[in-house]
Amino acid sequence: MNALPRPEGISIGASPMITLTLNGRPVATQAEARTNLADLVRDTLNLTGTHLGCEHGVCGACTILVDGEPARACLSFAAACQGADVVTIEGLDDDAVTAELRAAFNREHALQCGFCTPGMLVSARDLVLRLPEPDETRIRLGLAGNLCRCTGYAGIVKAVASVIAARRAQGIGPVTAERRLGPVGARAGGATAIAVPLASLATLSAPSATAPVLAENFTPAHSFEQSFEVPFPPADVFAFFGRIEEVAACLPGAVIDAMPAADLVEGGMRVKLGPIGTTFRGRARISRHEATASGIIHGAGADGRSRTEGEIRYSVEPGPAAGSARVALTVGYTLKGPLAQFGRPGLVREVAGRLIADFAANLEARLSGAPAAAGPGLNPLKLLAALISQRLGALWRRIRPAS
């Protein structure tokens, strides 16, 4: 009997190394041959926007894009996607069509618990790109593989139809043809499978021409101090801070789009609120002082409604243990717009403390030669829930002896 051919990258007796492009970034990781794509992106790569429901390819909650085509991540072996371009819901943060769909879902009350929403948005986006007109029958047929137990589908169909109608009224026609069937990762759609530049998310995440301008003499409205220690020599830590791309890789949610000059960076910070997210985009100017092992990062960003400007002054000093370093930070910031209502100094200080702790752990991993696990982005709701839980716990401990 002839042996069945194995997909490239699979080796018997060891977990294969899987290399693919995930949300515009190259990824290389090991996974068992039986690992499906949903488990890989959720458990290994911490992109939990892809939800698992039935795990039988029925409910559609795990729908993502593989080489531009919607696919069930729970039915797709990760090893079969070797070399593929994979986009999860996190990778569509700055996609124009998905942004219109998010707004329409809110407007038409097309989500309740939100569990099906990530997969629903991916499938709906595909319909917006393919259908020539807002045909309710074809929309319902196209969404038949995405189950929702809350809404009754009427609002979802209405939301998708409204986006298709609005785009066609603006003269934006369908950009992809009907696809041929084929296995995930097999690129069965050929040239017609993807006519939008999803393979390069740099286009979707380009900084806005109206990016905030850095103030010449910035005076922060609030400021605080933080510090952390790492078991590496101060010279190594200060040198690391000069490698901007690696620094960004250690900060949860940070994205670098371009470096127009050696001291100027354009990019953003991703913020996730369940299946819906936004990215604060802007620029930062960086200065370093070798003699004092210190530096300043001055940045400004906006998401269209809220604007923020901040400054981080850091210095790298010898730590308490031999061969260790202490990084002292002074953080100043100003918030304007709707975000300012959540910008109470105490809360910002605690959230910043969590981010700095994550950054320190990733920095230590990088200096040790291990990859940083910066995660998909900043989740304010999760951080806020954790902080509230901590404060309630502390209050309970204080009042319990008196009761």
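Residue indices begin at 1 and follow the sequence shown. Nothing here was measured: the structure is a model prediction, and the numbers come from that model.
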For Leu65 and Arg125: C-alpha separation, side-chain torsions, deciding distance, then whether side chain to side chain contact (heavy atoms under 4.5 Å, CB included) applies. CA-CA 10 Å; Leu65 295 174; Arg125 179 187 182 281; 4.2 Å; yes

Show, in sequence, the C-alpha distance, side-chain angles and deciding distance for Thr19 and Gln82, and conclude whether the side chain to side chain contact (heavy atoms under 4.5 Å, CB included) test is met. CA-CA 6 Å; Thr19 58; Gln82 180 80 6; 3.0 Å; yes

For a side chain to side chain contact (heavy atoms under 4.5 Å, CB included) check, start with the C-alpha distance between Ile64 and Val122, then their side-chain angles and the critical distance, and finish with the verdict. CA-CA 6 Å; Ile64 60 176; Val122 173; 5.6 Å; no

Does Val237 form a side chain to side chain contact (heavy atoms under 4.5 Å, CB included) with Val327? I'd like the steps, not just the answer. CA-CA 9 Å; Val237 177; Val327 180; 4.0 Å; yes

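For OH of Tyr314, the number of neighbouring non-hydrogen atoms (other residues, nucleotides, ligands) closer than 6.0 Å is greater than 12.
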Scan the side chains in residues 139-147 for donor-acceptor partners under 3.5 Å anywhere in the protein, sequence neighbours excluded, and list what turns up.
{"residue": "Arg140", "atom": "NE", "partner": "Glu136", "partner atom": "OE2", "Å": "3.0"}
{"residue": "Asn146", "atom": "OD1", "partner": "Ser123", "partner atom": "OG", "Å": "2.8"}
{"residue": "Asn146", "atom": "ND2", "partner": "Gly60", "partner atom": "O", "Å": "3.1"}
{"residue": "Asn146", "atom": "ND2", "partner": "Gly119", "partner atom": "O", "Å": "3.2"}
{"residue": "Asn146", "atom": "ND2", "partner": "Ser123", "partner atom": "OG", "Å": "3.4"}

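The backbone N or O of Ile172 lies less than 3.5 Å from a partner atom in the side chain of Arg168, making a donor-acceptor pair. Formation of a donor-acceptor pair under 3.5 Å by the Thr308 side chain with backbone atoms of Thr334 is found in this model. Side-chain atoms of Arg288 come within 3.5 Å of backbone atoms of Phe238 as a donor-acceptor pair (strictly under, hydrogens ignored). No donor-acceptor pair under 3.5 Å is formed between the side chain of Arg72 and the backbone N or O of His56. With hydrogens and angles ignored, the 3.5 Å screen pairs a side-chain donor or acceptor of Asp67 with a backbone N or O of Asp85. For the pair Arg42 (side chain) and Thr48 (backbone), a donor-acceptor distance under 3.5 Å is present.
Leu264 contributes atom CG, which lies 7.0 Å from atom CG of Leu214 (distance to the nearest 0.5 angstrom). Between atom CG of residue Leu363 and atom CG of residue Asp236 there is a gap of 10.5 Å, rounded to the nearest 0.5 Å. Expressed to the nearest 0.5 Å, how far OG1 of Thr29 lies from CE of Met17 amounts to 6.5 Å. Rounding to the nearest 0.5 Å places CZ of Arg283 at 4.5 Å from CD of Glu266. A distance of 9.5 Å separates CD1 of Ile356 from CG of Leu251, quoted to the nearest 0.5 Å. Atom OG1 in Thr117 sits 6.5 Å away from atom CZ in Phe105 (nearest 0.5 Å).
Here the side chains of Thr151 and Ile156 are in contact, with some heavy-atom distance below 4.5 Å. Here the side chains of Phe228 and Phe359 are in contact, with some heavy-atom distance below 4.5 Å. Side-chain contact between Phe224 and His222 is absent, with no heavy-atom pair separated by less than 4.5 Å. The shortest side-chain heavy-atom distance between Arg281 and Asp257 falls under the 4.5 Å cut-off. With contacts defined as side-chain heavy-atom distances shorter than 4.5 Å, the pair Val41/Glu90 does not qualify. Taking the side chain as every heavy atom from C-beta outward, Ile296 and Arg285 never approach each other to under 4.5 Å. Here the side chains of Val230 and Ser324 are not in contact, with every heavy-atom distance at 4.5 Å or above. In this structure, Val87 and Asp95 have side chains that are not in contact, with every pair of non-hydrogen atoms separated by 4.5 Å or more.
Thr88 and Asn23 are linked by a side-chain donor-acceptor pair at a separation below 3.5 angstrom, with hydrogens and angles left out of the test.
Summarising the geometry of Ala284 relative to Ile297, their closest heavy-atom pair is CB-CG2, 4.3 Å, with the distance given to 0.1 Å. In terms of heavy atoms, Ala124 sits closest to Leu101 at C-CD1, 3.8 Å. What you find for Arg107 and Ser162 is that their closest heavy atoms are NH2-OG, 3.1 Å. Closest approach of Cys81 to Leu20, counting heavy atoms only: O-CB, 3.9 Å. Of all heavy-atom pairs between Ala73 and Thr50, the closest is CB-CG2, 4.4 Å. Looking at every heavy atom in both residues, Cys74 comes nearest to Ala38 through N-CB, 3.9 Å.
Residues forming a side-chain hydrogen bond (donor to acceptor under 3.5 Å, both in side chains) with Glu100 (at least two apart in sequence, or on another chain): Arg167. The side-chain hydrogen bond (donor to acceptor under 3.5 Å, both in side chains) test applied to Arg243 returns Glu246, not counting sequence neighbours. Under the side-chain contact (heavy atoms from CB on, under 4.5 Å) criterion, Phe115 pairs with His51, Ala61, Cys113, not counting sequence neighbours. With sequence neighbours excluded, the residues satisfying side-chain contact (heavy atoms from CB on, under 4.5 Å) with Glu32 are Ser15, Arg34, Thr35.
Sequence neighbours left out, the pairs with a member in residues 289-300 that pass side chain to side chain donor-acceptor pair (under 3.5 Å) are Thr292-Ser294, His298-Glu309.
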